[in-house]
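Before any comments, here is the structure.
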Amino acid sequence: MALRLYDSATREVRDFTPLQPGKASLYVCGLTVQSEPHVGHVRSGVNFDVLQRWLRASGYETTFIRNVTDIDDKILAKSADQGRPWYNLAYDMHRELDAAYASLNVARPTYEPLATGHIPEIIALIEELIAKGHAYAAEDGSADVYFDVRSWPAYGELSGQKVDDMEAAADADPRGKRDPRDFALWKGRKVSEPETASWPSPWGLGRPGWHIECSAMAGKYLGPAFDFHGGGLDLRFPHHENEQAQSRAAGRPFASYWLHNAWITTSGEKMSKSLGNSLVIPEVLKKVRGIELRYYLVAAHYRSHVEFSFSALDEAASAFQRIESFLERAGSAEAGEVPDAFREAMDDDLGTPGAVAVLHDTVREGNRRLSAGESAAAEAAAVRGMLDVLGLDPADPAWGSTKGDDTALTEALDVLVRAVLDERAEARAAKDWARADSLRDRLKDAGIEIEDTPEGPKWSVN
RNA sequence: GGUGGGUUGGCCGAGAGGCGAGGCAACGGACUGCAAAUCCGUGUACACGGGUUCAAAUCCCGUACCCACCUCCA
């Protein structure tokens, strides 16, 4: 059974037929780098990273573009509040985003274009739209350029809306627009905005509107037609609707499939800045490891709403630790082929919950064999293979060399712990259980867990 | 007003007409000096009211509640 995915445009699960046999092209809307990324933001990164990995694992030569929006109203407003240049804020937040992705083992895309690096392509696309009668420069001398929604009959097709049914935006600035639903392709510079945030254009100094950058960049790196376009559900309208309208109006077929990941909510509500910053990635990673947070995100289907809670996150961490301890027990194994059931789950609209269930089934079978004194090499190889596809392989160097970082400390601690364990071994040999347990308890109080195994006691820092 | 999604056991979270996904927690058993880890076992779950069907968590009608989008949003 081949890969099939839910296409938001047609609202049905469709078989994936690549434009070019054996190849897959994917454009994902990244973030506007205006604040620290929180759990909700990285969900999209993780979801599409899993898609990208599965496409590659399925044999597709994959080109993956994920942009960064580094100029927009919010960046300008926030940087002004903070009293620093907008590009400094954007750069800092971009680095925070990179760090968050890295801590979750989200692979780098083939290329990560910035909006500000594509002004010539954006201007060229706007000129093309004007020439074709789908865009116009505002007549109020503002240097704004708008897309003419009424000139494109298919407008609204992606989000299933009719122009006439739409609520006129309360906050839409009607200046210079022919229709309130027309959206900006180019925003003329306002006197209140810094000069550094504007570029010369045929219409005057200004900067790109939000949507046009993605059309321009997708076109530059993936061509006029490509396979997948992804992003968060809230981007479906207006962002993706507008991207598609302006791209198609310019004669480009654009994306064959539209994929949208659902929300992470807290207290039943969409995550947002107003809920505080307790869910920014560095804060969350004080509670669980990056690999555990990633497992939490992967264990839910990408189209399901997730109600974030730290207790659910803890459960996920426990579940993941079960997988890790199996790999430790089973010993080293190379990543092997994934089981058919895993493949079927992933092929079915990226069914990671079912895939994770297969993972656990395999772990249980492996543990059963180990308990029976048999080899679990086959299970360990399969588990490694599955974890690899999900970006959850604990042995992946991307998770950092925490073991190597403090080798000296670990060795020193090992000597001390061994000394205590030797003492405990003597006590146990003498059947002095009270003393043996007291030694173990003292280590536990220091955060060191002791497990007695057939190969002798093992210790680990909790 | 328009569009779309949701409500599943103590908790998280799949499934989309018929064999109880999986995990966490709990309980019982095995193993262990005791633990830990692991294995085996244990669950009258599908918001509510009707209907269709041999069979409904799944389809239909209705009701309730929740959420998202409608030009700032992952």
Side-chain angles (χ1 to χ4, degrees), chain A residues 8 11 28-32 34 37-48 72-74 77 149 156 159-173 180-184 209-211 230-239 241-242 260-265 268-273 295-296 299-301 303-307 309 311-323 325-326 328-329 341 345 351-361 363-364 366-372 428 431-434 436-437 440-441 444 449-453 457-458:
Chain A
S8 303
R11 291 171 194 79
V28 171
C29 288
L31 297 190
T32 299
Q34 45 112 355
H38 56 57
V39 177
H41 290 132
V42 297
R43 180 183 193 186
S44 167
V46 168
N47 286 160
F48 289 107
D72 92 316
D73 293 348
K74 274 191 175 172
V149 165
S159 52
Q161 301 186 96
K162 295 177 191 137
V163 172
D164 292 318
D165 289 339
M166 288 181 197
E167 250 178 18
D171 59 345
D173 185 352
R181 293 153 194 93
D182 289 352
F183 56 91
W210 175 37
H211 320 294
L233 194 54
D234 59 341
L235 294 182
R236 198 169 54 118
F237 192 91
H239 187 53
E241 185 75 63
N242 292 355
H260 292 103
N261 64 276
W263 295 115
I264 293 187
T265 55
E269 298 200 346
K270 184 174 159 182
M271 241 177 230
S272 70
K273 311 301 174 304
Y295 174 88
Y296 175 67
H301 188 86
R303 287 197 288 120
S304 294
H305 288 243
V306 168
E307 167 68 13
S309 75
S311 63
L313 187 58
D314 284 342
E315 286 181 12
S318 298
F320 186 72
Q321 284 157 21
R322 176 183 162 79
I323 298 169
S325 68
F326 164 66
E328 280 170 25
R329 290 180 75 202
T352 52
V356 167
V358 175
L359 187 53
H360 279 286
D361 286 342
V363 165
R364 194 186 326 101
N367 274 325
R368 195 195 59 73
R369 283 180 177 279
L370 288 174
S371 291
R428 292 181 74 202
K431 297 200 192 299
D432 183 354
W433 310 126
D437 290 351
R440 184 172 61 193
D441 289 345
K444 188 171 184 178
E449 299 274 0
I450 301 302
E451 282 181 40
D452 291 319
T453 74
K458 280 188 179 173

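In what follows, chains are A, B, ... by sequence order, proteins preceding strands, each numbered from 1.
A salt bridge links A/R440 with A/D437: at least one charged nitrogen is closer than 4.0 Å to a carboxylate oxygen.
Applying the ring-ring contact (aromatic ring centres under 6.0 Å, His included) test to A/F183 and every residue at least two apart in sequence or in another chain returns A/F147, A/H211. Applying the ring-ring contact (aromatic ring centres under 6.0 Å, His included) test to A/H260 and every residue at least two apart in sequence or in another chain returns A/H240. With sequence neighbours left out, the side chain to side chain contact (heavy atoms under 4.5 Å, CB included) criterion links A/N367 to A/F326, A/R329, A/V363, A/L370. Residues passing the side chain to side chain contact (heavy atoms under 4.5 Å, CB included) test with A/A319 are A/Y295, A/H360, sequence neighbours excluded. For A/D432, there are no salt bridge (charged side-chain N to carboxylate O under 4.0 Å, His left out) partners two or more places apart in sequence or in a different chain. For the side chain to side chain contact (heavy atoms under 4.5 Å, CB included) test, no residue two or more places apart in sequence or in another chain qualifies with A/E315. Residues forming a side chain to side chain donor-acceptor pair (under 3.5 Å) with A/D361 (at least two apart in sequence, or on another chain): A/R364.
Among B/A74, B/A37, B/C40, the nucleotide with an atom closest to any side-chain atom of A/R368 is B/C40. Which of B/A37, B/C39, B/C72 sits closest to the side chain of A/S371 comes down to B/C39. Of the candidate nucleotides B/G2, B/C69, B/A74, B/G2 has the atom lying nearest to any side-chain atom of A/Q161. Closest to the side chain of A/S44, from the set B/A74, B/U71, B/G33, is B/A74. Counting only heavy atoms from C-beta on, A/K74 has its side chain closest to B/C72 among B/A74, B/C72, B/G4.
Nucleotides B/G13 and B/C24, compared at atom C1', are 11 Å apart to the nearest Å. Of the P atoms belonging to B/C34 and B/G41, the separation is 24 Å, rounded to the nearest Å.
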Does the protein touch nucleotides 14-32 of chain B at the base, only the backbone, or not at all? Give it as B, S and - per nucleotide, heavy atoms under 4.0 Å.
S------BSBB--------
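Donor-acceptor pairing under 3.5 Å, judged by distance alone, is present between the side chain of A/R440 and the base of B/C34.
Secondary-structure stems of RNA chain B, taken as three or more successive Watson-Crick or G-U wobble pairs (i with j, i+1 with j-1) under a 3.5 Å distance threshold, comprise B:1-7 with B:64-70, B:10-12 with B:22-24, B:26-30 with B:38-42, B:47-51 with B:59-63.
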